[in-house]
There are 4 protein chains.
Amino acid sequence: MSAKPRTARGEQTRRKLLAAAEVVFAEHGYHEASVSRITDRAGVGQGTFYLYFATKLDVFNELVEDLNQRVRHAMSEGARGASSRLEAERAGFAAFFKFTAAHPALYRVVREAELVSPDALRLHYSRIVEGYIDGLREAAADGEIGDIDPTVAAWALMGIGEMIGMRWVLWGDPDAEPGDDADPTASGTREVPPHVLDEMMRFIGGALGRPDLAGDPVVAPSNDDAAGRDDAPERGES
Amino acid sequence: MSAKPRTARGEQTRRKLLAAAEVVFAEHGYHEASVSRITDRAGVGQGTFYLYFATKLDVFNELVEDLNQRVRHAMSEGARGASSRLEAERAGFAAFFKFTAAHPALYRVVREAELVSPDALRLHYSRIVEGYIDGLREAAADGEIGDIDPTVAAWALMGIGEMIGMRWVLWGDPDAEPGDDADPTASGTREVPPHVLDEMMRFIGGALGRPDLAGDPVVAPSNDDAAGRDDAPERGES
Amino acid sequence: MSAKPRTARGEQTRRKLLAAAEVVFAEHGYHEASVSRITDRAGVGQGTFYLYFATKLDVFNELVEDLNQRVRHAMSEGARGASSRLEAERAGFAAFFKFTAAHPALYRVVREAELVSPDALRLHYSRIVEGYIDGLREAAADGEIGDIDPTVAAWALMGIGEMIGMRWVLWGDPDAEPGDDADPTASGTREVPPHVLDEMMRFIGGALGRPDLAGDPVVAPSNDDAAGRDDAPERGES
Amino acid sequence: MSAKPRTARGEQTRRKLLAAAEVVFAEHGYHEASVSRITDRAGVGQGTFYLYFATKLDVFNELVEDLNQRVRHAMSEGARGASSRLEAERAGFAAFFKFTAAHPALYRVVREAELVSPDALRLHYSRIVEGYIDGLREAAADGEIGDIDPTVAAWALMGIGEMIGMRWVLWGDPDAEPGDDADPTASGTREVPPHVLDEMMRFIGGALGRPDLAGDPVVAPSNDDAAGRDDAPERGES
DNA sequence: AATGAATGAGTGTTCATTCAT
DNA sequence: TATGAATGAACACTCATTCAT
């Protein structure tokens with residue numbers, strides 16, 4: 001579909017177009033993003049676009065693909081060297097949120113993809129989930145987590161990450177009230193506040209069947225409410 | 001914005017338009033849904049549309065609002081009479097999935113709203129989350145669940161529901177591979193398979209700090225951890 | 001395909017568009033005739049076009065259809081009341097040439113149709129030919145003409161008419177040399193010179209097996225050669 | 001206009017381009033035939049085209065010129081050695097139809113030329129007609145045909161050949177009804193059925209003033225009128 | 001001689017919206 | 001209240017042609 005450039009100059013032009021497309025799609029979404037806006041931003045003629053992409057949908061798909069590889073890379077890089085599944089999970093989420101903050105296109109593009117290019121969307125989610133599933137299976141084999149259906153758990157994790165990310169990264173200010181859609185691009189540079197990440201990981205830790213690793217034992221002696229919260233970070237053992 | 005009809009006939013016309021809009025938006029998404037398609041389906045003239053709605057965005061917002069009320073109603077109806085928070089949660093999710101299966105518009109419309117009408121989207125999610133938060137607060141006060149930040153937990157629950165719903169209700173066939181987007185409307189009538197719902201609730205039960213309560217409908221506090229888990233059928237899904 | 005207008009005003013607009021299309025197609029041919037040129041000439045907005053015609057091809061087909069009916073009408077009107085087949089033929093051709101002179105679109109549109117809308121073209125020719133065939137059959141039954149396959153003869157007549165029309169009506173000046181394509185519309189208002197029509201009918205008369213009716217008998221008593229010839233002035237053109 | 005190549009390699013490239021152009025024009029017609037399609041098919045770069053042809057119209061004209069020479073050559077070759085004008089005519093038409101079957105481009109290209117390059121078209125027809133005129137003059141001088149204006153007759157013959165060729169060669173199946181324009185290129189390989197050619201020649205024979213000569217290949221002047229005609233099937237009566 | 005990158009004017013078509021009736 | 005006619009800006013996409021290499 002999308003012709004590959006045969007020269008270095010062409011390669012460069014193609015990259016300019018892809019970068020411009022990411023920005024424009026992130027700003028306007030698929031439908032409002034016109035090819036001419038993309039070529040304008042890339043600084044090339046309108047016709048040049050079609051030298052490298054067969055259709056507008058074509059760049060879109062390529063962009064989703066590209067973003068997918070990049071988030072997954074960021075996540076696995078982030079998780080590398082973690083000493084436990086939970087720690088890896090936390091690092092992975094942190095990397096995901098960081099990537100999201102840097103590339104709001106991820107959300108806007110991916111969420112719109114449901115209607116624009118359903119296949120691309122499914123592939124995107126499925127691949128990330130696949131990574132979760134693998135990690136969960138290993139962790140289960142190592143006895144690190146309880147027995148939980150890895151597929152269901154993986155999709156649940158995906159959902160948690162997406163929603164928390166949307167709420168705290170994309171929307172930005174935790175106290176923000178709806179009503180300011182002047183410039184949707186302006187928001188979305190925040191990070192997930194630490195305590196949110198903490199709570200989220202406690203939630204996940206419990207979910208994965210190792211509440212003892214995740215935070216406060218609830219069944220066991222449980223009057224240490226306050227204490228339980230305070231030590232939230234660096235929770236090592238009960 | 002949207003003029004209110006003054007006569008009974010007008011009221012009826014308006015309802016026809018809204019109903020038509022739901023179908024058309026669900027089928028085509030916001031951008032592909034043209035006003036003329038809506039009026040065609042409603043069986044009224046094109047100009048009539050503007051008697052009741054100021055703009056296309058106007059119906060969209062109203063539709064999101066409407067759907068929001070209906071899901072929330074369905075969820076609270078579903079959860080009514082549950083004997084515990086967990087049970088209520090499960091019933092609520094079940095109701096949510098059922099509603100989703102019946103109204104795929106919920107997903108398609110809401111996900112596209114991110115770019116079309118961000119405010120409407122935020123309001124939609126926030127309201128549902130608000131319901132979760134209230135429930136979680138009560139449950140915490142009753143000691144039914146562990147201490148977990150209700151706001152974070154609520155958004156996490158929202159994410160789980162959305163993602164599981166998308167995966168098993170909207171996409172339908174659990175074994176479906178990307179590649180068949182022939183008729184995106186055709187899919188999405190499935191129900192979430194029982195074991196998926198079971199596993200999801202175990203996940204959530206653990207997350208909310210009562211893994212012991214998650215396995216079975218819990219009447220009396222019990223410590224039969226292992227047993228509770230073991231009865232989960234078909235765990236370790238495909 | 002092409003929506004029929006529901007009001008008188010719409011009916012009028014549609015007619016304006018069709019008339020404009022005829023002119024524009026005649027001037028520029030199908031490909032160079034842009035929809036906007038048509039709407040400009042019709043004095044309506046560009047979008048209005050699509051209220052009455054689904055596509056550009058749509059008007060084209062309708063125009064071919066329309067022209068076809070009109071030529072055939074003109075031809076049968078012209079031939080009405082002729083006292084013999086040959087006379088009818090001559091009158092029909094004369095009417096055809098007259099129509100051609102008035103509506104050069106016939107040629108330009110029809111000839112281009114071969115590639116644009118082959119079906120329309122075949123239908124056009126077939127219908128005219130059908131008329132010839134009917135006439136020839138009747139004439140044969142009446143013993144007015146010799147025995148000749150009416151289908152083959154009809155297509156031959158069609159070809160004669162088209163080529164003579166192109167040469168003397170469309171191209172105009174019999175002495176015109178190729179080289180002036182400045183304004184192809186400017187030409188094509190000439191009539192077929194009488195002697196050309198005469199010779200053409202002699203040709204056809206002979207072809208149809210009644211040389212005795214057509215002009216100079218060649219086999220039969222043939223001393224009236226000079227007389228036969230003399231009425232054709234300046235024969236042996238160019 | 002079109003630069004002549006200076007080297008053998010260039011000469012070859014030019015020929016490749018011309019051959020490709022014939023195919024592409026025949027398949028798509030002038031307007032749909034893009035330069036890039038031509039260069040693709042020729043297996044050369046896009047820019048190479050402009051080394052040999054100034055514009056797209058340029059190749060078109062050259063192609064018409066080329067085809068013209070080839071048909072005329074084919075026709076005169078076919079007619080060579082005929083023992084009478086009529087026989088020569090028949091052989092010429094047969095050659096013309098054969099050429100047409102092998103090069104449908106002739107029709108498609110030439111008919112479109114009316115609007116694309118009127119001069120080229122006129123030149124094309126005029127040259128063929130010139131050949132007819134010469135032949136008719138000679139035949140008239142030899143007393144082989146009646147006295148008929150050779151110019152008018154020549155254009156009539158041209159029209160007959162074109163129309164019969166279109167009907168039986170280009171459209172193919174004699175029973176074909178309009179409605180199947182799936183692949184306009186696929187058709188056009190038929191030959192004119194013998195009886196059609198026979199009837200056509202009888203038509204022409206009569207037209208040229210020697211109906212007695214039209215029925216059979218004539219070696220010696222014969223008076224066996226009826227016999228000669230009888231072998232033509234489905235004739236009604238003499 | 002040959003190429004492929006680049007261009008921008010131009011195309012057919014859609015659609016939210018307005019308005020006279 | 002209801003309509004359908006009308007609009008024009010906007011869009012995705014094509015293509016003959018130019019040019020640096």
Side-chain angles (χ1 to χ4, degrees), chain A residues 3 5-14 31-39 44-58, chain B residues 3 5-14 31-39 44-58, chain C residues 3 5-14 31-39 44-58, chain D residues 3 5-14 31-39 44-58:
Chain A
R6 277 141 167 66
T7 71
R9 184 183 171 209
E11 182 62 50
Q12 199 189 354
T13 303
R14 188 176 208 279
H31 288 97
E32 304 296 324
S34 61
V35 171
S36 74
R37 252 196 277 256
I38 294 174
T39 51
V44 302
Q46 249 191 94
T48 306
F49 178 90
Y50 293 92
L51 243 32
Y52 302 106
F53 305 99
T55 65
K56 186 184 164 188
L57 184 56
D58 207 39
Chain B
R6 293 276 160 249
T7 73
R9 175 155 70 125
E11 181 61 46
Q12 199 189 356
T13 303
R14 187 174 209 279
H31 288 97
E32 304 296 322
S34 61
V35 171
S36 75
R37 251 196 278 251
I38 293 173
T39 52
V44 303
Q46 218 175 136
T48 308
F49 179 91
Y50 291 90
L51 247 31
Y52 300 105
F53 304 98
T55 65
K56 184 184 165 189
L57 184 56
D58 207 39
Chain C
R6 278 142 168 66
T7 72
R9 185 183 172 208
E11 182 62 49
Q12 198 188 356
T13 303
R14 187 176 208 279
H31 287 97
E32 303 297 323
S34 61
V35 171
S36 74
R37 252 196 277 256
I38 293 173
T39 52
V44 303
Q46 249 192 94
T48 305
F49 178 91
Y50 292 92
L51 242 32
Y52 302 106
F53 305 99
T55 64
K56 185 185 165 189
L57 184 57
D58 208 39
Chain D
R6 293 276 160 250
T7 73
R9 175 155 69 125
E11 181 61 46
Q12 198 188 357
T13 302
R14 187 174 208 280
H31 289 97
E32 303 296 321
S34 61
V35 171
S36 77
R37 251 196 280 253
I38 294 173
T39 52
V44 304
Q46 220 175 134
T48 307
F49 178 90
Y50 290 90
L51 246 32
Y52 300 105
F53 305 98
T55 66
K56 184 184 165 190
L57 184 56
D58 207 39

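The analysis underlying the following values was restricted to heavy atoms, covering all of them including side chains, and did not include hydrogens, waters or symmetry mates. Chain naming here is simple, since letters A, B, ... match the order of the sequence lines and numbering starts at 1 in each.
- Residues Gly10(A) and Pro5(A) share a closest heavy-atom pair of C-CB, 3.4 Å.
- Take Glu32(C) and apply the salt bridge (Lys or Arg N to Asp or Glu O under 4.0 Å) test, not counting sequence neighbours, and it matches no residue.
- Counting to the nearest Å, the P atom of dT3(F) and the CZ atom of Arg6(C) are 12 Å from each other.
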Open item on the list: Just to be sure I follow the notation: if a pair is Watson-Crick (purine N1 to pyrimidine N3 plus N6-O4 or O6-N4) or a G-U wobble (N1-O2 and O6-N3), each under 3.5 Å, what dot-bracket string does DNA chain E give, with | for pairs to another strand?
Closed with: .||||||||||||||||||||
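- Checking dA6(F), dA6(E), dG4(E) against the side-chain heavy atoms of Tyr52(C) singles out dA6(F) as nearest.
- With sequence neighbours excluded, no residue forms a side-chain contact (heavy atoms from CB on, under 4.5 Å) with Gln12(D).
- With rounding to the nearest 0.5 angstrom, the OH atom of Tyr52(A) is 14.0 Å from the CG atom of Asp58(A).
- In this structure, the side-chain contact (heavy atoms from CB on, under 4.5 Å) partners of Ser34(C), at least two apart in sequence or on a different chain, are Ser36(C), Arg37(C).
- Atom CD of Gln46(C) and atom CD1 of Ile38(C) lie 10.5 Å apart (nearest 0.5 Å).
- Here CZ of Phe49(A) is found 13.5 Å from OG1 of Thr13(A). Values are rounded to the nearest 0.5 Å.
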Open item on the list: Using a 4.0 Å heavy-atom cut-off to protein, can you give one letter per nucleotide of nucleotides 13-21 of chain E, 5' to 3': B if the base is in contact, S if only the sugar-phosphate is, - if neither?
Closed with: BBBSBB---
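- Side-chain atoms of Thr48(A) do not come within 3.5 Å of backbone N or O of Val44(A) as any donor-acceptor pair.
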